[in-house]
Amino acid sequence: MTTLINTKITDFKVEAYHNDAFKTVTHNDLKGKWSIFFFYPADFTFVCPTEIVAFNDMDKKFQEANAQVVACSIDSHFAHREWALKPRNVGGLSPVTIPMLSDLSQNISKSYGVRINEGDVEGASLRGTFIIDDKAVLRHSSI
């Protein structure tokens, strides 16, 4: 497997749920700030909320450092909305402030090397965290 470090991020255009609204997000939206771009397997899974909530709760500190946190999974933006609006004490994420990208095509997951290619969860994403600089160049990956 070849490394993606020091390469420009792949172009993408997807729907997302962010700040109580649906919006289109592209690779260009990651330019101009450092980004913490992370993948998780699926909405409503029992382990993922802890990771997403932890990133979300640190969002203000990341913003103060001119960085943005972006979540991504293969779920639809509609599923992201439902999970984001559900209170934490009943398995949801609310309140959530970070954008949640919908990778229904699994193309983003494939380009970052996190798509699971076999087994009963084929198509889902592995957990992966990527740090992208303000010029959209990948500087760190952890899968």
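In what follows, every heavy atom counts, from backbone to side chain, and hydrogens, waters and symmetry copies are set aside. Index from 1, following the sequence.
Scored by the side-chain hydrogen bond (donor to acceptor under 3.5 Å, both in side chains) test, S105 finds N107 as partners (sequence neighbours excluded). Residues satisfying the salt bridge (charged side-chain N to carboxylate O under 4.0 Å, His left out) test with E51, not counting sequence neighbours, are R127. Considering only residues two or more places apart in sequence or on other chains, F62 meets the ring pair (Phe, Tyr, Trp, His ring centres under 6.0 Å) condition with none of them.
Crowding of K13 atom NZ: a count of heavy atoms from other residues, nucleotides or ligands under 6.0 Å not exceeding 12. Counted within 6.0 Å of NZ on K135, heavy atoms from surrounding residues, nucleotides or ligands total 12 or fewer; the atom is thus considered open. For CD of E122, the number of neighbouring non-hydrogen atoms (other residues, nucleotides, ligands) closer than 6.0 Å is greater than 12.
Exactly one residue among Y40, Y112, F39, F38 makes a side-chain contact (heavy atoms from CB on, under 4.5 Å) with S125. That residue is F39.
With a 4.5 Å cut-off on side-chain heavy atoms, L101 and F12 count as touching.
To the nearest 0.5 Å, atom CG of residue N66 and atom NZ of residue K33 are 6.0 Å apart. How far CD1 of I5 is from CG of L138: 4.5 Å, rounded to the nearest 0.5 Å. If you take CD on E64 and NZ on K60, they are separated by 7.5 Å, rounding to the nearest 0.5 Å.
Across all non-hydrogen atoms, the minimal contact from S94 to L85 is CB-O, 3.7 Å.
Ion pairing between R88 and D57 holds under the 4.0 Å rule for side-chain N and carboxylate O.
Residues H27 and D11 have side chains that bring a donor and an acceptor to within less than 3.5 angstrom of each other.
Listed for the D43 side chain is no donor-acceptor partner under 3.5 Å among the backbone atoms of W83.
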